[in-house]
Every structure is written in C-alpha cells, then in structure tokens.
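First up is the structure itself, then whatever we jot down about it.
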Amino acid sequence: MTASHAAGPPPAVRRIADLPGPRGWPLVGSLFQLRRDVIHQDIERWCGRYGPLFRLRIGRRELVVLSDHALIADVLRDRPDGWRRTQTLQQVSREMGLKPGLFGAEGDSWRAQRRMVMGGLDPSRVRAYFPQLQRVTDRLQRRWERAADEGRALDLQAELMRYTVDTVAGLAFGRDINTLESDGDVIQQHLDRLFPALFRRVMSPLPYWRWIQLPADRALDRSVAEIQRAIAGFIAEARQRLHAEPARREHPPNLLEAMIVAAEEGRSGIGDDQVSANVLTMLLAGEDTTANTLAWLLHLLHRRPEAMARARDEARRVAAGADPLTPEDLSRLEYIDACLSETMRLKPVAPFMVLEALRDTQIADVQVPAGTMLWCAMRHDALQAQHFADPLAFKPERWLGEAAGSSKRVATPFGAGPRMCPGRYLALVEMKMLLVMVLSRFDIQSVSAPRGAEARERMSFTMVPVGLQMRLRRSEHAA
C-alpha cells in the first residue's frame, strides 16, 4: 500500500529506523515516559514534536506512530487484508475468557460475522425498534424525575450505561433486561470491569496475571463468569422462542435469533462460539461508547450556555409536536446533530487505534515490514488549527452548512473503510432520543467533575470522563 498524496517525483524510501522519535531507555524504551491513563495525550504531544510519522519503543515493542488523517484513512481502507488488530489484544482477550466476536475477528471469519451484524443493525431494524427505544427512554426519564425531586446528584456515566445496555439488549437480543428499574446486581456492573481490565493487561509490560491473582483479577474472573451466565441465558431464551414459534426462523426479529438460525443451519460460517462472542461484543460496544459520548456532550453543553440554550430550544420544539417521537422527528435535530459531531471530534471514545501489518507495505515514504505495530493517533488532526479554527473550543455551529463535508474526513469517530462501526446508526438514534428527553423535560443545573474542574480524560480501553455528576430540575416548560 502506498499512501502518498503529493505530486512530483516519488520521495526516497525510508526505513523505520530512519524515523525520528523519543529517546528511550535501555530495555524499557519509552515505557516510563508514558502515563497509562492518559497515554493518548502523551503520544498526541509527541506527534506535535516529531511529526506525522515517528517511531516509538515501549518495552520490547517497537511501534510506528501515524497521525496524518489521510494516511490513516488509507490504512483503514486496507483492512482486513492488509492490517489486523494486534495479536497481543487477541491473546489477552482469550486469557480473560472472551471469545472473538466481530470486534476481534479477522479475515473470512470477520466477513461472515460482519454481514450478519450489519443486517441486524441496519436502519430499517432500528426504525422498527423505535417504540421499544421510546419505552426505555421513558424509564430513564422516570428514574431521573425521582432524582430531581429528591435533589440527588446522578452518577452520569453509570446512569447512561444502564440506558445503553437496556437499548442494545432489546434491539439485538429481543430481551428486556431493564437495568434502569433495578438497583440490584445488574449485568452492567459486571460489564464495567471488562474494558478497564483489558486495557490494563494490554498495556502491562509483564503478564503478571499468568502467575499471580490480585484482588482485581479475582473480581474480574467473577464478573466474566456472571456475564457468560447471562449470555447463556439470553441464548437459551432465544432458542426457546424459535422453538415455540417456528415462523420466527423465516424472518428472525432480532440479531441474536438471526445468528442462532445461521449457526444451526451451518450458514455463513457462524457457529455457537460466534453467537456467544457477538452477544458480548454488542453489549460492550453498545454500552461504553454511546454512554461516554453522551456524558461528554452534556458536560460540554453545560460549559457553554449559549449552545445549551440553542440545543434545548430545538429539543423542545421537536418534542412539542411529537407524541411519540418518530425517526423523522429525530432527523430534524440539525443543531443537536452538530453538537454530537463536535463532541466526537473533541472527545472521541477511541482517540487511537493500534494495528498490525499483515504484509510488507509502505506508508508515505516509509517501508513497513509485515508484523509492524502501527499506532494510529485518530484524534490528533481533529485538534489542529489547520483543519479547525479555534480547535480546542466546543463550537457545534462549525458542523452546520457545506463546510462540514470536509470536516468529516478529518474527524472520523466511527472509523473508516470496511471496518467502520456497524452500530453507528443505532448509536446516533439512541443519543438523539435521550437528548430530546433530557433537554425538553429537565433544566440541567450542573454537570460537574470533581472540584468543579473540566472533566478529565482517562483511557480505559475507551476514553472516559472521570467522575461526572449531573443535577436536574423538572422543567416548567416541559413538552
């Protein structure tokens, strides 16, 4: 793959050893120059110092860091044949007891699962699910009304994760798990342990868990067992529905039943392991990413009152004429859609991606041998003044009008190429539905980080805001 974008004679080819980069220490490289919780920020700073292509050694691992958005897009379009997720990630996942669903699958296995998952999450399926999505949103509204009446602060991320888990379980599995109306031991609490543990182990210089078990590792094992038990229950219930109503096999009403039918008929290379793995993939991907984006958005909106007022007015205008909301109503949310785009530019849940070359290739003028690990700094260019004026400011209006078209090539929160996020339509619908509810039914009194500061970013496989709490008051102008 050649990813040169300039006219004229081809540049001289460089090797990875010719690239600039931070000077590391013997044996450990730059390991102790990087802070795990904010490693994305540390590497973004180095992108400014060393340029769009540089080399980096972390322990025994040598990586190439790439921050140019156009070159990153070329790499992503070369998946799954030219690039894969790293073998380290897959090995750690297996050791945790996690099977490779669509997220971790490669090659033909990925292609088979991709077709199935895309079919289960296409816009027509999401539109058909709209009444159930409205019911989940109504439950969240009642839960937040109680908190407002009691003057109680909400743990924003935890609340939003309940909402997104309930949404995904209903659409993808046909299961109303209703964590919003349960304060007991819910699956969401166990899911919350997986991403932090996966990130911690992938970034660990030594696989200590193979020899000793810390309390956090024992808690992780218990959570994985509980999640697997819940997934087995989802699958058993779906099989019972298919047995009781054979007509469901002709047109499975949800993704889980479609995967079970394909597995039982030996079609598309889908087996029982892939069914179980994709249930977990959907729960994890649908929970964390959407919830974190919503939390960031509410925080950013609250810190810019004029943007909050404009979004609130739009939500109330749409909600006033809709009972219940429809997909067409959500399509009228022009400013709220711009708020989402601006949030995902500033606070993408995946500010970087690490890939591994499957064959010898070339990026710009650099030879990249097979097996090379490539750190794609996905957010870097989206925070640069040459692409966005006043790039660190929250300005949703920059996404209105014709100029937004070129901006979408720089900020790609859902990825690019064949492995672009298959759940992006569902995620946007979920987020707009919730935002209409909260902005039309409540006045947001505060969305605050500890000590009233700007919310701190923390990498935990996805990028999460630390410690956000929200206080609401019922609106006198509720639709």
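Heads up: numbering here begins at 1 and tracks the sequence.
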*If you measure from the Lys or Arg side-chain nitrogens to the Asp or Glu carboxylate oxygens, is any gap between Glu264 and Arg239 under 4.0 Å?*
yes

*Could you tell me whether the side chain of Asp122 reaches within less than 4.5 Å of the side chain of Arg125, counting heavy atoms only?*
yes

*Any ion pair linking Arg111 and Asp81 (charged N to carboxylate O, less than 4.0 Å)?*
yes

_Residues Arg359 and Asp78 bridged, charged N to O under 4.0 Å_ = yes

*Quick one: closest heavy-atom pair of His299 and Leu468, and the distance?*
ND1-CD2, 3.6 Å

_On a heavy-atom basis, which atom in Met459 and which in Pro351 lie closest, and how many Å separate them?_
SD-CG, 3.7 Å

*Does Arg398 count as lying over the ring of Phe388, i.e. NZ or CZ under 6.0 Å from the six-ring centre, within 45 degrees of the axis?*
no

*Salt-bridged, Arg127 to Glu328, with N to O below 4.0 Å?*
yes

*Is it true that the side chains of Trp209 and Glu95 contain a donor and an acceptor less than 3.5 Å apart?*
yes

*Rounded to the nearest 0.5 Å, how far does CG of Asn278 lie from CG of Leu256?*
10.0 Å

*Within a radius of less than 6.0 Å around CD of Glu250, do more than 12 heavy atoms belonging to other residues, nucleotides or ligands occur?*
no

*Can you tell me if Arg135 uses its side chain to pair, donor with acceptor, with the backbone of Phe130 under 3.5 Å?*
no

_Within the structure provided, determine whether Arg379 and Gln41 are in side-chain contact (heavy-atom separation under 4.5 Å)._
yes

*Which value, rounded to the nearest 0.5 Å, describes the distance between Thr179 atom OG1 and Glu159 atom CD?*
9.0 Å

*So how far is it from Leu434 CG to Thr290 OG1, rounded to the nearest 0.5 Å?*
10.5 Å

*asked:* For the CG atom of Leu140 and the CG atom of Asp166, what is their distance to the nearest 0.5 Å?
replied: 9.0 Å

*Check whether any side-chain heavy atom of Trp83 sits under 4.5 Å from a side-chain heavy atom of Leu76, and report yes or no.*
no

*asked:* Determine whether a donor-acceptor pair (N or O, by modelled atom type, separation under 3.5 Å) exists between the side chain of Thr167 and the backbone of Tyr163.
replied: yes

_Distance, nearest 0.5 Å, that separates CE of Met373 from CG of Leu56_ = 10.0 Å

*Answer yes or no: is there a side-chain heavy-atom contact under 4.5 Å between Ile363 and Leu374?*
yes

*Among His190, Gln228, Arg218, Gln189, find the residue that satisfies the side-chain hydrogen bond (donor to acceptor under 3.5 Å, both in side chains) test when tested with Ser223.*
His190

*Main-chain N/O of Thr462 paired to Ser460 side chain as donor or acceptor, under 3.5 Å*: no

*State whether the side chain of Thr326 and the backbone N or O of Asp329 hold a donor-acceptor pair below 3.5 Å, judged by distance alone.*
yes

*asked:* Applying side-chain hydrogen bond (donor to acceptor under 3.5 Å, both in side chains) to Tyr208 and Asp217, what does each step give before you reach the verdict?
replied: CA-CA 10 Å; Tyr208 72 88; Asp217 300 304; 3.1 Å; yes

*Audit row: Arg79, Glu106, salt bridge (charged side-chain N to carboxylate O under 4.0 Å, His left out) steps and yes/no*: CA-CA 9 Å; Arg79 299 171 71 200; Glu106 298 292 342; 5.3 Å; no

*When you look at Gln134 and Asp138, which way does the side-chain hydrogen bond (donor to acceptor under 3.5 Å, both in side chains) test go after all the steps?*
CA-CA 6 Å; Gln134 181 71 67; Asp138 291 343; 3.1 Å; yes

*What are the two closest non-hydrogen atoms of Phe394 and Cys339, and how far apart are they?*
CE1-O, 4.1 Å

*Could you tell me whether a side-chain N or O of Gln90 sits under 3.5 Å from a main-chain N or O of Arg85, the two making a donor and an acceptor?*
no

*Arg474/Glu145 under salt bridge (charged side-chain N to carboxylate O under 4.0 Å, His left out): CA gap, chis, key distance, verdict*: CA-CA 7 Å; Arg474 292 199 198 214; Glu145 285 172 345; 3.8 Å; yes

*Stepwise salt bridge (charged side-chain N to carboxylate O under 4.0 Å, His left out) check, Asp149 with Arg146*: CA-CA 5 Å; Asp149 294 344; Arg146 291 193 297 273; over 6 Å; no

*asked:* Can you tell whether the side chains of Lys347 and Glu342 come within less than 4.0 Å, N to carboxylate O?
replied: no

*Mind running side-chain contact (heavy atoms from CB on, under 4.5 Å) on Asn178 and Arg139 for me, showing each step along the way?*
CA-CA 9 Å; Asn178 196 7; Arg139 286 176 183 164; 3.4 Å; yes

*Check step by step if ring pair (Phe, Tyr, Trp, His ring centres under 6.0 Å) holds for His380 and His69.*
CA-CA 8 Å; His380 177 268; His69 69 276; over 10 Å; no

*Side chains of Asp273 and Ser276: donor-acceptor distance under 3.5 Å anywhere?*
no

*Determine whether the aromatic ring centres of Phe199 and Phe461 lie less than 6.0 Å apart.*
no

*Can you tell if the side chain of Pro207 reaches within under 4.5 Å of the side chain of Arg210, non-hydrogen atoms only?*
yes

*asked:* With rounding to the nearest 0.5 angstrom, report the CG to CG distance, Leu330 to Asp337.
replied: 10.0 Å

*Tell me yes or no: between the side chains of Gln469 and Asp155, is some donor less than 3.5 Å from an acceptor?*
no

